[in-house]
There are 2 protein chains.
Amino acid sequence: MSNFRPKNRESGACANVCFKVTLFATYYEIVTMNRRTTIKDIAAQLGVSHSTVSRALRGDKRISSTTVENVRRVAERIGYRPNILACGLVHNRTSLIGILTSNVRGSFFADVIDGAQSVLDKRRYSILLCCSHKNPAAERAHLETLIDKQVEGIILLPVTSCGTNSRVIRQAQDLHIPIVIVGTRKKEVNAPMIGTDNEQGGYLAARHLLDLGHRRIIYITPSKEDLHSERHRFGLENAQRYRGYLRAMKDFGLDSEISTIEIDPDVQDMTPLRDILKKKNAPTAFFAYSDRLAISAMQASLSWGYRVPTDLSFVGFDDIDFASLVYPPLTSIAQPKLDMGRFAAKKILNQIEGLPEDDLTCTPELRKRDSSGPAPK
Amino acid sequence: MSNFRPKNRESGACANVCFKVTLFATYYEIVTMNRRTTIKDIAAQLGVSHSTVSRALRGDKRISSTTVENVRRVAERIGYRPNILACGLVHNRTSLIGILTSNVRGSFFADVIDGAQSVLDKRRYSILLCCSHKNPAAERAHLETLIDKQVEGIILLPVTSCGTNSRVIRQAQDLHIPIVIVGTRKKEVNAPMIGTDNEQGGYLAARHLLDLGHRRIIYITPSKEDLHSERHRFGLENAQRYRGYLRAMKDFGLDSEISTIEIDPDVQDMTPLRDILKKKNAPTAFFAYSDRLAISAMQASLSWGYRVPTDLSFVGFDDIDFASLVYPPLTSIAQPKLDMGRFAAKKILNQIEGLPEDDLTCTPELRKRDSSGPAPK
DNA sequence: TAGTTTTGTGCAAACGTGTGCATCGTACCA
DNA sequence: TGGTACGATGCACACGTTTGCACAAAACTA
């Protein structure tokens with residue numbers, strides 16, 4: 001078989017070359033079946049150097065058009081695909097963007113990913129996905145993995161503990177890996193952020209209920225601690241949404257009516273809700289930190305015989321898919337999730353190109369549905 | 001500054017070495033701030049060759065323990081991280097597993113990812129995520145990207161059109177990239193699959209309703225076409241679940257009661273449901289292709305004044321998060337999604353190691369909740 | 001015809017790491 | 001003292017690309 005091996009400097013007329021191509025393609029189809037083909041294979045078949053092939057493929061205008069054409073043809077025939085590791089080694093690029101999130105579940109995450117992917121796709125970047133499950137140690141490990149894998153940028157989705165991992169984040173930044181935070185940023189971390197005006201969202205929700213005539217409006221928080229302390233299980237968003245609610249209530253002079261109940265979404269214990277509904281002067285409306293929480297509370301109330309929105313009104317936050325699927329459809333505050341993902345990707349790409357980037361705050365929007373209605377007499 | 005540059009063959013006593021280390025660390029901290037440090041940096045500081053450093057870091061036992069220790073110390077000090085591109089180039093590895101899915105939304109996807117990640121993490125693999133939105137062209141493009149990025153394996157999540165892209169899939173297999181399909185496989189594609197016994201799931205659901213005394217049970221399909229033809233918008237699952245329903249009905253001699261309505265989940269037009277409920281001898285129970293569909297139908301029925309489960313019973317499929325959050329909580333058929341993800345990852349890893357792999361079919365399970373109850377008199 | 005430009009290629013080094021083999025020094029043995 | 005064995009390290013090449021530079025041939029110019 002070795003007599004088939006092409007000799008190096010054996011160029012010739014085009015027809016001749018074509019003949020050899022056919023011949024050697026057969027040879028190579030046998031030999032290279034089990035490995036990726038390289039520019040050297042192409043070079044050998046055409047009797048040119050691999051640098052010529054490289055230049056031809058990259059469209060270097062110094063290469064004659066006939067050579068370029070030959071190279072293209074052989075490349076196509078033997079199914080050549082560039083080795084991205086080798087290219088990456090030379091250019092110090094991986095075309096990888098890391099996305100670190102605390103939970104892969106939920107439409108917020110999905111929409112942001114979708115939005116980011118649509119932008120990154122066009123620039124031939126791929127997404128390296130990590131999920132930390134709110135575990136700071138896992139989060140740090142994943143950040144280190146991302147750095148080790150030499151991603152060219154990192155998108156941080158609501159990662160509750162990133163405050164505690166600011167050291168790794170700085171480490172990434174020292175290596176000039178751009179970072180963008182989607183959601184809310186801890187003050188320890190210095191990176192451009194894309195967020196929603198949660199305070200405004202909270203205000204919109206409360207204001208909507210107030211305009212419907214409700215006065216006794218309760219904020220449902222996943223964690224009371226979040227609202228006042230510096231430790232935030234659910235990020236700063238919770239405190240911000242609550243602050244918007246406060247502002248609306250105070251605008252109406254309802255300082256004395258301000259009140260919250262805590263429902264842990266993981267535990268789903270509804271007794272605080274049941275208790276407050278039993279009191280005299282029970283609330284007529286609820287504004288929840290999240291749609292999930294709002295839906296749980298609403299469905300629990302239904303199961304106890306309350307009518308929605310006749311007896312009780314509910315407003316959620318995030319406008320997830322299911323907000324419009326449950327009965328009654330849930331009024332919610334929407335954030336432009338897809339756009340946030342797109343912007344995040346753009347911010348990363350801009351930073352990669354050396355452009356400075358700063359924060360971007362999106363405006364939330366009220367999606368009125370049937371779960372909120374006029375306050376009962 | 002260049003007089004600080006370490007000369008190559010300038011070894012010395014340990015104390016001397018340590019002194020130099022300190023000195024040059026300072027030098028290097030200045031010089032290398034803007035790039036990743038390499039084994040050459042370590043080698044230069046210690047006055048050894050880079051091969052020695054490489055061997056020391058890899059734990060080659062031919063290297064003296066003092067050298068190993070020195071190398072480790074310097075590596076730590078200058079924050080050395082191996083260049084994964086270079087390693088990959090030598091070993092022809094990327095430590096990347098591609099996951100291609102049609103939609104990133106939904107708990108099926110999320111759980112499978114989670115499960116896969118937990119297994120892949122331990123083996124230091126990362127996940128390259130692509131989402132094709134049920135678009136065959138995008139799907140093919142993404143598959144090609146995955147091949148180009150030299151992933152070491154591909155997990156295909158319910159990708160409706162993979163039949164049309166079997167050529168690319170075969171291309172990947174020719175390059176010895178292992179593939180696992182989670183969900184259902186098209187017959188054009190020859191790869192190990194990990195799925196649920198959808199037929200059995202359908203049987204369980206229908207059987208559950210039959211045991212509760214229901215006789216007029218309707219199957220809600222996202223597309224009637226799916227049930228009989230070869231074209232499947234929603235994969236083969238739909239036909240399989242329907243077949244399970246058929247078997248249960250026939251077991252009870254209810255061939256004449258077999259009936260379906262079509263509700264497109266993207267359009268959410270509920271008139272077929274309304275129409276069938278208006279008929280005399282209206283159905284008393286519904287079994288839907290998916291939880292999403294079941295929930296929509298159930299909530300629509302509630303809005304028309306029907307009581308669940310007093311008047312109507314509903315059973316879904318998939319046991320998504322929201323199944324237990326809606327009111328009344330939805331009875332559903334669960335698949336072991338997390339495990340399916342774990343198994344998928346294991347199958348990929350095994351194949352990478354050259355072990356043969358074949359299909360795995362998981363057993364579905366009924367999760368009884370309040371949306372299904374005894375048939376009305 | 002000799003010199004200059006242009007055109008098309010090849011050579012060799014580089015990216016950062018891994019590794020077979022050669023080499024060097026030392027210790028041990030006869 | 002000569003030979004052998006062994007432990008520790010360096011050299012040089014490999015992986016697949018890209019790219020600065022040199023160089024040859026061809027095409028001009030004078």
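All values derive from a computational prediction rather than experimental measurement. Proteins get letters first, then strands, A, B, ... in listed order; numbering begins at 1 in each.
- For B:Ser64 and D:dT9, the shortest distance from a side-chain N or O to OP1 or OP2 is below 4.0 Å.
- Each end of the helix from C:dT1-D:dA30 to C:dA30-D:dT1 gets its own rotation axis from five pairs of C1' atoms, and the angle between them is 70° to the nearest 10 degrees.
- In this structure, the NZ atom of A:Lys40 is 9 Å from the P atom of D:dT17, given to the nearest Å.
- Only one option out of A:Ile177, A:Ile97, A:Val168, A:Ile154 pairs with A:Leu146 in a side-chain contact (heavy atoms from CB on, under 4.5 Å); it is A:Ile154.
- The structure places CD1 of A:Ile352 at 5.0 Å from CD of A:Glu152, a figure rounded to the nearest 0.5 Å.
- Applying the salt bridge (charged side-chain N to carboxylate O under 4.0 Å, His left out) rule to pairs touching residues 121-131 of chain B yields B:Arg123-B:Glu353, sequence neighbours excluded.
- Atom CG of B:Asp60 and atom P of C:dT19 are 9 Å apart (whole Å).
- Along DNA chain D, the nucleotide nearest to A:Thr38 and the one nearest to B:Lys61 differ in position, and the one closer to the 5' end is contacted by B:Lys61.
- Every salt bridge (Lys or Arg N to Asp or Glu O under 4.0 Å) that A:Arg342 has, sequence neighbours left out, goes to A:Asp339.
- When rounded to the nearest whole Å, the span between CG of A:Asn70 and C1' of C:dG8 equals 14 Å.
- Between B:Ile63 atom CD1 and C:dT19 atom C1' there is a gap of 12 Å when expressed in whole angstrom units.
- A:Ser54 and A:Ser51 share no side-chain donor-acceptor pair at under 3.5 Å.
- Screening B:Val180, B:Val151, B:Ile99 against B:Ile348 for a side-chain contact (heavy atoms from CB on, under 4.5 Å) leaves a single residue, B:Val180.
- Listed by chain and residue number, A:Arg62 satisfy the side chain to side chain donor-acceptor pair (under 3.5 Å) test with A:Asp60 (two or more places apart in sequence, or in another chain).
- Every residue was checked against the salt bridge (Lys or Arg N to Asp or Glu O under 4.0 Å) condition with B:Arg170, not counting sequence neighbours, and none meets it.
- Across the protein-nucleic acid pair, A:Gln150 atom CD and C:dG16 atom P stand 10 Å apart, rounded to whole Å.
- What separates CG of B:Leu85 from P of C:dG16 is a distance of 10 Å, to the nearest Å.
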### Task
Do nucleotides 18-26 of chain D as a string where each nucleotide becomes B, S or -: B if the base has a protein heavy atom under 4.0 Å, S if just the sugar-phosphate does, - if no protein is that close.
BBBB-----
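- One atom, CG of A:Asn83, and another, P of D:dC15, lie 12 Å apart when rounded to the nearest Å.
- Tested against B:Asp41 for a salt bridge (charged side-chain N to carboxylate O under 4.0 Å, His left out), the candidates B:Arg35, B:Arg81, B:Arg36 yield a single pass: B:Arg35.
- Taking atom CG on A:Asn92 and atom C1' on C:dA14, their separation rounds to 13 Å, with Å as the unit.
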